[in-house]
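Every heavy atom of this structure was used, including side-chain atoms; hydrogens, water molecules and symmetry mates were not.
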Amino acid sequence: MRTVRALRGRVAGRPRAALDVPLAAGFTVVALLLAGERPPEGWSWDRPDALGYTLICVVNLLLAARRSAPVAVFTGAAALWLWYIAAGFWPVVNSAALMLALYTVASMRRTAHAAACGAAFAVMWVAGALLSGSNAPTTAIAQALVVPFIMWKFGDNARKLGARNRTLSELTDQLRREREENARRAVAEERVRIARELHDVVAHHMSVISVQAGLAHYVFTADPGTAHGALSTISAASGEALEELRRLLAVLRVGPEGAGESVGEEGPYQPTPGLDRLQDMAARVRAAGVEVELRIAGERRPLAQGPDLCAYRVVQEALTNVIKHARPARATVHVAFLPHQLSVRVTDDGRGNVPAIPVPSGGHGLIGMRERARIYGGTLAAGPRDEGGFEVRLTLPLQSAVHGRGTAGDDGEGRRDAGA
């Protein structure tokens with residue numbers, strides 16, 4: 001089987017023009033054999049002499065160059081064929097070569113060229129028939145019209161088929177390039193999404209752990225109760241961070257190894273966090289030394305998973321920045337469920353410790369927040385307040401959650417039943 005495929009590959013890879021050489025040789029052999037036969041009774045044609053055999057060989061061997069110069073090959077073969085007829089030899093001997101030459105012109109050149117060559121072929125056909133004296137003029141004219149038309153039709157169909165195949169090949173190449181570009185773009189977007197998610201998870205929990213570890217170390221002997229509480233906060237924060245990392249890794253796992261590791265309600269890991277877990281986040285941030293006040297306005301209702309996670313991560317990153325840059329400070333998280341949009345505002349007093357961050361910022365946190373907001377058609381503004389401190393404001397168009405599955409806002413990280 002491999003040998004057959006290899007032979008097919010070599011034949012397909014050979015230039016098509018190279019196949020015309022054995023074809024021309026075959027036509028020459030057939031024409032020479034036909035020339036050795038006696039013409040039909042009633043036909044006044046002579047047997048070929050040396051000149052006749054020479055013309056036969058030249059006319060048929062010209063077919064070896066029919067693809068590189070189809071019009072020139074037809075013209076040369078037609079002229080030699082006319083010479084062959086004028087010398088008194090049987091025209092049928094070289095007619096097959098002229099038909100193939102006419103077919104090649106029709107399959108490779110414009111219709112005007114094929115029409116001119118077809119007309120010349122018809123004239124020579126009629127001339128040969130009349131000179132023989134065996135065919136009635138009506139029969140000769142009918143043959144002169146039908147034979148060139150058939151050759152032109154076959155050749156024109158081959159030309160159109162070749163043009164369609166080339167167009168199809170170009171479209172196939174274009175689709176392949178677009179598919180590869182889409183795949184590269186999807187990989188890049190997925191890398192950015194994973195980096196953003198890892199940053200949000202690690203930065204928040206590690207900030208809490210770092211603060212609590214420092215507190216525990218400071219009061220370890222002087223205030224064992226406070227140290228014990230700090231260690232409990234560290235344990236809870238690290239456990240939640242590990243749970244979110246496992247959930248993210250389960251989403252990334254594919255194939256049989258990932259079978260059964262769903263991140264939904266039946267999976268081994270907790271569902272994707274959302275605004276319903278703001279109280280837990282606020283408790284961790286309070287344990288890190290930042291007083292957090294939660295304010296919920298409007299009628300709370302379930303959100304689509306993607307926007308819900310987006311709002312949660314923005315609040316998480318904003319409070320993490322308060323822990324890292326503005327502590328001690330007091331933060332306020334204001335979530336407003338408006339008729340057509342969700343408004344989230346995180347402010348802190350900062351006591352003048354929060355530096356002004358230009359827009360756009362080079363920090364990964366603010367970049368990630370803006371990317372999340374843009375994905376779901378929202379806007380995010382961040383900057384210092386006139387009265388001191390810092391403010392992060394997120395606005396998202398509201399999308400109601402669909403029962404049993406995520407909406408268009410789903411970011412592909414599993415579903416969460418509990419909404420905000």
**OP:** Please test Leu396 against Ser343 for side-chain contact (heavy atoms from CB on, under 4.5 Å), starting from the C-alpha separation and ending with a verdict.
**Re:** CA-CA 7 Å; Leu396 290 176; Ser343 175; over 6 Å; no
Original post:
More than 12 non-hydrogen atoms from neighbouring residues, nucleotides or ligands closer than 6.0 Å to CZ on Arg110, yes or no?
Top reply: no
**OP:** Measure from the side-chain N and O atoms of Ser169 to the backbone N and O of Asn165, and report whether any donor-acceptor pair falls under 3.5 Å.
**Re:** no
Subject >> Residues, nucleotides or ligands: over 12 heavy atoms within 6.0 Å of Phe154 CZ >> reply: no
**OP:** Start with the C-alpha distance between Val392 and Met369, add both sets of side-chain angles, then the distance that settles side-chain contact (heavy atoms from CB on, under 4.5 Å), and finish with yes or no.
**Re:** CA-CA 10 Å; Val392 175; Met369 287 192 287; 4.2 Å; yes
Subject >> Residue pair Asn182 / Arg185, side-chain donor-acceptor N/O under 3.5 Å >> reply: yes
Original post:
Can we say Glu170 and Arg166 salt-bridge, meaning some charged N sits less than 4.0 Å from an Asp/Glu carboxylate O?
Top reply: no
**OP:** Could you tell me the separation between the CG atom of Leu23 and the CZ atom of Arg66, rounded to the nearest 0.5 Å?
**Re:** 5.5 Å
Original post:
When you check the gap from the basic side-chain N to the acidic O, do Lys153 and Asp156 get nearer than 4.0 Å?
Top reply: no
Original post:
With the threshold set at 4.0 Å, does a side-chain nitrogen-carboxylate oxygen contact exist between Glu180 and Arg177?
Top reply: no
Subject >> Glu181/Arg179 ion pair, N-O < 4.0 Å >> reply: no
Original post:
Can you check side-chain contact (heavy atoms from CB on, under 4.5 Å) on Tyr312 and Arg277, steps first, answer last?
Top reply: CA-CA 8 Å; Tyr312 177 86; Arg277 293 172 62 176; 4.0 Å; yes
Original post:
Do the ring centers of Trp81 and Phe121 come within less than 6.0 Å of each other?
Top reply: yes
Subject >> Ionic contact status for Arg301 with Glu299, cut-off 4.0 Å >> reply: no
Original post:
Is any side-chain heavy atom of Val315 closer than 4.5 Å to a side-chain heavy atom of Met281?
Top reply: yes
Subject >> From Ile56 atom CD1 to Leu80 atom CG, the distance as rounded to the nearest 0.5 Å >> reply: 11.5 Å
**OP:** For the residue pair Trp125 and Ser95, establish whether any side-chain heavy-atom pair is separated by less than 4.5 Å.
**Re:** yes
